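Whatever order the structure lists ligands and atoms in, that order sets their numbers, starting from 1. Please read all numbers here as calculations on a predicted model, not as lab measurements.
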Amino acid sequence: MNVLGFESSCDETGVALVRVETDQPPRLLAEALHSQAAMHEAYGGVVPELASRDHIRRVLPLARQVLASAACSLGEVDLVAYTRGPGLAGALLVGAGVAVALGAALGKPTLGVHHLEGHLLSPFLGGEVPRFPFIALLVSGGHTQLMRVDGVGRYALLGETIDDAAGEAFDKSAKLLGLGYPGGPALARLAEEGDERAFALPRPLLHSGDLDFSFAGLKTAVATQWRKLGPAPSPSVCADLAASTQAAIVEVLVAKTLRSLKDSGLKRVVVAGGVGANRRLREALTAGAARLGVQVFYPPLALCTDNGAMIALAAAMRVQAGLDQGTRVGAFDVRPRWPLGELAAA
Ligand code: KG4
Ligand code: ZN
């Protein structure tokens, strides 16, 4: 079965084709992606209306590109998947509209996928795939969650952020330092040249005893330090502040993840979402997990951030697990706010 997947929940238009065969792991046949980051940079963040319009411009050329590079005709597509939520309503509607229209035209079923399920199953497109059960650390621009994953569709939330997401903490701190949008990767690059012990920044909720996160206070602390540095801080001081910020975010993420592993006794952890591309996080988590005898799984770097492959994959895995077959109704909705816990009931 060939699954064509569309992702348009935020500022990336992603399309991909995944093949599932009985008793075989899903296989990515082709994918294409367009990032709107450069377009939104001038505004310092995602402008929802511009995002929707750009998805409309990109989605069909990307779909043609994917089918051509997989040498697959539209008639060979068996299921059309799309991100149903969470995300920006207008942006989601573009992918959903195209997918459902395509399904209706082809006489094939469509399946609306939860964006975070896409992220947390994305390591199944990597070289070494995890076995269930495992802990998943989901760290994106909009979410920071620790989950216990017992199988496809069997997710239990263990802890989450009570305010900003980890990616937001990266992005907002980067913005303060004048690093543009999205600032996470830029802040991480600058941090490579800095001393992470230079600034004493808070580690919010580090000792809270639970698995929740909070990053809003950290952003305020970074803003305070930045103000104290005056109008023209030296590049090395900027690098020190970037490194100290990254260290604070990473330390909390790693500590809570290790705690969830100790509490659950599980020996596998999956890291997914855009912040999962962060090298410092990968190093610290891999080292901490090794001390507990835990194996860490990452999606391929290119699949850490939003993409169509994870949406096609999640749909394929749901079909393979017998949880979904898609629908042929033709009507559709999107769920801009969709708690992962409601997935089973949806
Ligand atoms: O998963 P994703 O592509 O989109 C959402 O679903 O939100 O995650 C995007 C987030 C942004 O906040 C971005 O700054 C962050 O991931 N990010 C990084 C890195 N690469 C992407 N943060 C820190 N270090 C990185 N290398
Ligand atoms: Zn995402």
Side-chain angles (χ1 to χ4, degrees), residues 5-14 16 33-38 40-41 44-46 48 51 82-88 91-92 95 113-123 136-145 160-161 164-177 179-192 194 196 213 215 218-219 222 242-243 245-254 270-285 298-311 313-314 336-338 340:
F6 291 91
E7 154 64 29
S8 70
S9 66
C10 188
D11 60 350
E12 258 114 16
T13 321
L33 185 77
H34 175 79
S35 169
Q36 305 174 353
H40 295 296
E41 189 172 5
V46 176
Y82 62 94
T83 306
R84 186 177 172 217
L88 302 169
L92 289 166
V113 170
H114 195 293
H115 181 82
L116 296 183
E117 184 172 39
H119 273 304
L120 68 85
L121 296 178
S122 59
L137 172 66
L138 257 181
V139 271
S140 71
H143 295 87
T144 300
Q145 299 186 327
E160 65 182 334
T161 184
D164 289 354
E168 245 176 314
F170 269 103
D171 292 340
K172 288 178 176 173
S173 304
K175 195 170 176 179
L176 283 169
L177 272 61
L179 298 176
Y181 172 85
L187 188 132
R189 263 193 310 278
L190 183 60
E192 300 274 331
E196 64 179 43
F213 302 89
F215 292 107
L218 176 63
K219 173 196 63 193
V222 173
T245 305
Q246 175 176 257
I249 298 169
V250 166
E251 186 177 332
V252 181
L253 290 176
V254 171
V270 156
V271 183
V275 182
N278 185 270
R279 204 173 63 80
R280 179 77 175 66
L281 172 64
R282 287 184 170 219
E283 283 170 4
L285 192 60
Y298 299 99
L301 258 184
L303 299 185
C304 276
T305 44
D306 291 350
N307 61 83
M310 68 183 194
I311 300 306
L313 171 80
R337 293 171 188 277
W338 188 8
L340 192 61

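For Pro185, the heavy-atom gap to ligand 1 drops under 4.0 angstrom. Heavy atoms of Gln246 stay at 4.0 angstrom or farther from ligand 1. Ligand 1 is approached by His119 to a heavy-atom distance shorter than 4.0 Å.
Closest approach of Leu340 and Glu117 over heavy atoms only: CD1-N, 4.1 Å. Among all heavy-atom pairs drawn from Cys10 and Leu88, the shortest one is CA-CD1, 4.2 Å. Between Val271 and Pro299, the shortest heavy-atom contact is O-CD, 2.9 Å. Heavy-atom minimum distance, Leu303 versus Ala309: CD2-CB, 4.0 Å. Smallest separation of non-hydrogen atoms from Ser140 and Ala165: O-CB, 3.7 Å. The two atoms that bring Gly14 and Leu33 nearest to each other are CA-CD1, 3.8 Å, heavy atoms only.
Comment: Glu192 engages Arg279 in a salt bridge, judged by a side-chain N to carboxylate O separation of less than 4.0 angstrom.
In the vicinity of Gly142, heavy-atom distances shorter than 4.0 Å reach the ligand 1 atoms 7 (O). Residue Asp171 has at least one heavy-atom neighbour below 4.0 Å for each of these atoms of ligand 1: 11 (C), 12 (O), 13 (C), 14 (O). The ligand atoms of ligand 1 that sit less than 4.0 angstrom from a heavy atom of Gly167 are 12 (O). Under a 4.0 Å criterion applied to the non-hydrogen atoms of Thr305, ligand 1 contributes the atoms 3 (O).
Protein heavy atom in closest approach to atom 23 (C) of ligand 1: Asn278 ND2, 3.5 Å. Among protein heavy atoms, the minimum distance from atom 3 (O) of ligand 1 is reached at Asp306 N, 3.1 Å. The nearest protein atom to atom 9 (C) of ligand 1, hydrogens excluded, is given as Gly141 N, 3.7 Å; this is a heavy-atom distance.
By the 30° and 60° cut-offs, the orientation of the rings of Phe215 relative to Phe213 is parallel. Note: Tyr181 and His40 have perpendicular aromatic rings, judged against thresholds of 30 and 60 degrees for the angle between ring planes.
Not counting sequence neighbours, Glu160 has no partner by the salt bridge (charged side-chain N to carboxylate O under 4.0 Å, His left out) test.
Taking any N or O of Glu12, backbone or side chain, none lies under 3.5 Å from an N or O belonging to ligand 1. Taking distance alone, with nitrogen or oxygen atoms compared against 3.5 Å, Pro182 stays at or beyond that limit from ligand 1.
Atom NE2 in His114 sits 10.5 Å away from atom NE2 in His119 (nearest 0.5 Å). In this structure, CG in Leu253 is found 11.0 Å from CZ in Arg280, a value given to the nearest 0.5 Å.
Residue Gly274 holds the heavy atom nearest to atom 20 (N) of ligand 1 of all those in Gly274, Gly184, Cys10.
Of all protein N, O or S atoms, those under 2.8 Å from the Zn ion (ligand 2) number 3.
Side chains of Gln246 and Asn278: a donor-acceptor N/O pair is present below 3.5 angstrom, by distance only.
Contact annotation for His115 and ligand 1: only side-chain heavy atoms (C-beta onward) come within less than 4.0 Å of the ligand.
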